[in-house]
Student: 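Quick one: the structure is below, questions incoming.
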Protein chains: 2
Amino acid sequence: MRQGLTKQQIIKQAAQQIEETGLHNLTLAALAQRLHIKTPSLYNHINNLTDLRNGLSCYGLSMLTEKLIQSALGKSQDDALFAIAGTYIAFAKEHPNLYDAIIHVPDPTDPDLHQIAERLLNFLFKILEGYPLSEEDRVHAVRGLRSIVHGFASLQLHQGFNMKNDQDESLKWILSAYLAGLKLNLSNKS
Amino acid sequence: MRQGLTKQQIIKQAAQQIEETGLHNLTLAALAQRLHIKTPSLYNHINNLTDLRNGLSCYGLSMLTEKLIQSALGKSQDDALFAIAGTYIAFAKEHPNLYDAIIHVPDPTDPDLHQIAERLLNFLFKILEGYPLSEEDRVHAVRGLRSIVHGFASLQLHQGFNMKNDQDESLKWILSAYLAGLKLNLSNKS
DNA sequence: TTAAAATACTAATAAAATTAGTTTTGCGGA
DNA sequence: TCCGCAAAACTAATTTTATTAGTATTTTAA
């Protein structure tokens, strides 16, 4: 049987697969079965397992990026950043293994990935243009934002937090503190 | 040949191994060769590969915890926190794959691990006692601290930052902003 | 319509974790 | 000192992987 199978479809199925089995339990055998082909036939579309994992990273990151951009539409400043952070955490919670794939990229120098990452970075920079930061400070500020939101997501996914207190509230609290300090910082500098 | 082989020694060798090959490329064959025994002999000391990985997580986390505690000796408040953050990032940079093992725990409910994690958490809470925070806010504050420092380390390790600007400086900048906001927050509350 | 490219297949290989069963070694009690 | 037992090593075998080679079939394009 011959189906109009594309690499994108394979990656999409792989994304579903890893949410069932975990990222590091992704096997070509199981993926092939899901696609109703034999294992070696996969090699007509992908180079190897590493290549597939790379594809997963790109797929996940571009999906996340679009959601983040959508969630900030019509918002600015703190409003936008709270929305972005919330969307980010929600994505990680909804697709924990795909999120893992985004972080554990087999080849971080992949050009496709680079392009998507750039899109996300430009977006975050744009949002932070709402704040009177120097060009250099804006780089720090974006890194801080990403650290907070990724660190929070990662710890949450890997059971790093205990259950005693509300985690959603923690995120807002942390972001509030960071943004407050961020504003304070620049007035002190001038 | 019979050597006084212990589980701890095996874990220690595995820790060296993963720094050479990467966490997910840890194989029992290579580890056995390094210990001058045959692969199945490993099963006299460990239950399986997952068990070994769990051991690596415990080993890494307790090592990290001790270093953090050491680095904060004789310091308090911001001084202590900057030292802790610096030591944390340095550890992650020096043992990137062991750090990976700390985060990607096979079994997060493992009692041994829980005990070590508790030790780290208690330590961080102790440091934050230097700030006039409510019990509840201190939970948020600790989570924020961990998010920042882990998120920064993780992104740095996985090439998440571009090279244009100094990353050490970014960490200080971010932490400064967070701590400033943290202090501001509580004065606003009263 | 025919040549070529894409896409499927079967068969085979190498490396991995794991299990079963066996031998060796060293220690503690008689 | 010796004897038994448990720990710790081994060999052999199994199952599951990824991956390659080679072949057939289907679609596409000239």
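Here is the naming used below: chain letters follow the sequence lines, and residue numbers restart at 1 for every chain.
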Student: Evaluate side-chain hydrogen bond (donor to acceptor under 3.5 Å, both in side chains) for A:Thr65 paired with A:Arg119, printing each intermediate quantity in order.
Tutor: CA-CA 8 Å; A:Thr65 300; A:Arg119 180 164 161 75; over 6 Å; no
Student: A:His104 and A:His24: ring-ring contact (aromatic ring centres under 6.0 Å, His included), yes or no, with the steps?
Tutor: CA-CA 11 Å; A:His104 290 81; A:His24 62 286; over 10 Å; no
Student: Considering only C:dA8, D:dT11, D:dA9, which nucleotide approaches the side chain of B:Ser41 most closely?
Tutor: D:dA9
Student: Can you check nucleotides 26-29 of chain D for protein contacts, nitrogen or oxygen pairs under 3.5 Å, and list what you find?
Tutor:
from	atom 1	to	atom 2	distance (Å)
D:dT26	O2	A:Arg2	NH1	3.2

Student: Whole angstrom is fine here: how far is it from CG in B:Asn25 over to P in D:dA18?
Tutor: 14 Å
Student: Tell me which nucleotide among C:dA8, D:dC10, C:dT18 gets nearest to the side chain of B:Thr39.
Tutor: C:dT18
Student: Within this structure, what is the CG-to-P distance between A:Leu28 and D:dT16, rounded to whole angstrom?
Tutor: 16 Å
Student: Just compare C:dT10, D:dT17, C:dA8 and give me whichever is closest to any side-chain atom of A:Thr27.
Tutor: D:dT17
Student: Please test A:Asp78 against A:Tyr131 for side-chain hydrogen bond (donor to acceptor under 3.5 Å, both in side chains), starting from the C-alpha separation and ending with a verdict.
Tutor: CA-CA 10 Å; A:Asp78 289 10; A:Tyr131 299 81; 2.3 Å; yes
Student: Once rounded to the nearest 0.5 Å, what's the spacing between atom CG of B:Leu31 and atom CD1 of B:Ile46?
Tutor: 7.0 Å
Student: Using a strict heavy-atom distance below 4.0 Å, which residues from residues 42-55 of chain B are in contact with DNA chain D?
Tutor: B:Asn44, B:His45
Student: Could you tell me whether a side-chain N or O of B:Arg146 sits under 3.5 Å from a main-chain N or O of A:Gly160, the two making a donor and an acceptor?
Tutor: yes
Student: What nucleic acid atoms does A:Leu31 come within less than 4.0 Å of, heavy atoms only: base, sugar-phosphate, or nothing?
Tutor: nothing
Student: Over how many whole Å does the gap from A:Lys38 atom NZ to D:dT25 atom P extend?
Tutor: 16 Å
Student: Does the plane of the ring in A:His150 sit parallel, tilted or perpendicular to the ring in B:His150? Use 30° and 60° as the thresholds.
Tutor: tilted
Student: Rounded to the nearest Å, what distance is computed from the CD atom of residue B:Gln33 to the P atom of nucleotide C:dA16?
Tutor: 10 Å
Student: Given the ring of B:Phe161, does A:Arg143 sit roughly above its face, with NZ or CZ under 6.0 Å from the centre of the six-membered ring and within 45° of the axis?
Tutor: yes
Student: Please pick, from D:dT17, C:dC9, D:dT11, the nucleotide with the shortest atom-to-atom distance to any side-chain atom of A:Ala29.
Tutor: D:dT17
Student: Answer yes or no: does atom CD of B:Gln33 have more than 12 heavy-atom neighbours from other residues, nucleotides or ligands under 6.0 Å?
Tutor: no
Student: With salt bridge (Lys or Arg N to Asp or Glu O under 4.0 Å) as the test, would you mind laying out the steps for A:Lys7 and A:Asp51 before giving the verdict?
Tutor: CA-CA 11 Å; A:Lys7 188 167 183 177; A:Asp51 181 41; 3.0 Å; yes
Student: Give the rounded distance in Å between these two atoms: NE2 of A:His24 and P of D:dT16.
Tutor: 18 Å
Student: Rounded to whole angstroms, how far apart are NZ on B:Lys7 and C1' on D:dA9?
Tutor: 18 Å
Student: Whole-Å distance between C:dA8 P and A:His36 NE2?
Tutor: 13 Å
